[in-house]
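Shown next, in structure tokens, is the structure this report addresses.
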Amino acid sequence: SKKKGLSFEEKRVRMMEIFFETKDVFQLKDIEKIAPKEKGITSMSVKEILQSLVDDGMVDTDRIGTSNYFWAFPSKALHARKRKLEELESQFAESSQKKEALQKSIEKSKIGREDTAERAALIEELAALRQKKEQLKAEIDKYRECDPDVVEEMRQTNKVAKEAANRWTDNIFSIKSWAKRKFGFEESRIDKSFGIPEDFDYID
């Protein structure tokens, strides 16, 4: 039988695994090599998947010199999940309040009245809200189940993430030193050319 390909969402999940498992910073060409080999993501779709994660704020990106770098640490995923959870809980509360109001309206409409088009519409809307409520509840439960794991991984990887960031900082300082020796550039000129801020330094 023909092997079923990965869905778009499955590819996104697997690509996030690359960042979380390595706790490193990559260029696009690195991801294009790793993703097909280790995660089964076709090389043709790597750029599209990566851009979708950047657009959703799940992967960070920055340009250093002529190259773009990408990274994603569990701490950012935790904050994103917390925001999503708060949003879902707010929607859930709003739906619950609307459902309660509709139920009261339906009960009121029964008193001394025959079935009306308005009542039928209210019942239909109530059914839709009940379905929406269950969907929101299921999604909230899903995010709650994820949170403990993300928190634990964040604790374990904070040190590694800091070391990774400082390692790249060290690389940038090394390149600046080489450029000053090789071409006689002033440090301020290098910073301006490559968009390096004046207060650029290691993370304490």
Item to check | Residue pair Glu17, Glu38: steps toward the side chain to side chain contact (heavy atoms under 4.5 Å, CB included) verdict | outcome: CA-CA 10 Å; Glu17 288 175 357; Glu38 298 185 10; over 6 Å; no
Show your reasoning for whether side chain to side chain contact (heavy atoms under 4.5 Å, CB included) applies to Lys47 and Ile31. CA-CA 9 Å; Lys47 188 173 182 180; Ile31 301 294; over 6 Å; no
Between Gln103 and Arg130, the two heavy atoms sitting closest are NE2-NH2, 3.4 Å
When rounded to the nearest 0.5 Å, the distance separating CG of Leu50 from OG of Ser45 is 11.0 Å
Please check this pair: side chain of Ser52 against backbone of Ile49, looking for a donor-acceptor N/O pair closer than 3.5 Å.
yes
Rounding to 0.5 Å, atoms CG (Leu136) and CD (Glu134) come to a distance of 9.5 Å
In this structure, CD of Glu32 is separated from CD of Gln27 (nearest 0.5 Å) by 10.5 Å
Looking only at heavy atoms, the pair that brings Gly40 and Leu6 closest together is O-CD1, 3.5 Å
side-chain contact (heavy atoms from CB on, under 4.5 Å) test vs Phe70 passes for just one of Asp24, Val25, Leu53, Leu28, namely Leu28
Q.
Is there a continuous path of hydrophobic side-chain contacts, each under 4.5 Å between heavy atoms, that joins Leu102 to Ile123?
A. yes
*Show your reasoning for whether side chain to side chain contact (heavy atoms under 4.5 Å, CB included) applies to Lys137 and Ile140.*
CA-CA 5 Å; Lys137 186 176 184 299; Ile140 287 173; 5.7 Å; no
### Query
Taking a hydrophobic cluster as the set of Ile, Leu, Val, Met, Phe, Trp and Tyr residues connected by side-chain heavy atoms closer than 4.5 Å, whether directly or through intermediates, do Ile18 and Phe8 fall within one such cluster?
yes
Value for CG (Leu129) from CD (Gln131), rounded to nearest 0.5 Å, stands at 10.0 Å
One should read off an interatomic distance between Lys132 NZ and Ser96 OG, to the nearest 0.5 angstrom, of 12.0 Å
Assess the residue pair Lys104 and Glu100 against the criterion (salt bridge (charged side-chain N to carboxylate O under 4.0 Å, His left out)); give the C-alpha distance rounded to whole Å, side-chain angles, the decisive distance to 0.1 Å, and a yes or no. CA-CA 6 Å; Lys104 289 180 180 178; Glu100 185 178 348; 3.7 Å; yes
Check your understanding: What do you reckon, is CD of Glu94 surrounded by more than 12 foreign heavy atoms closer than 6.0 Å?
Key -> no
On a heavy-atom basis, the closest approach of Lys33 and Pro36 is O-CD, 3.7 Å
Beyond-backbone contact of Lys39 with Glu21, side-chain heavy atoms, under 4.5 angstrom
yes
| message | Under a 4.0 Å threshold between the charged nitrogen and the carboxylate oxygen, would Arg12 count as salt-bridged to Glu9? | response | yes
When every non-hydrogen atom of Met15 is compared with those of Ile41, the smallest separation belongs to N-CD1, 3.9 Å
### Query
Is Glu48 paired with Lys11 through a side-chain N to carboxylate O contact shorter than 4.0 Å?
no
Distance col, row Asp62:CG vs Asp60:CG, nearest 0.5 angstrom, shows 9.0 Å
query = Are Trp71 and Thr22 side-chain neighbours, meaning at least one heavy-atom pair lies under 4.5 Å?
reply = no
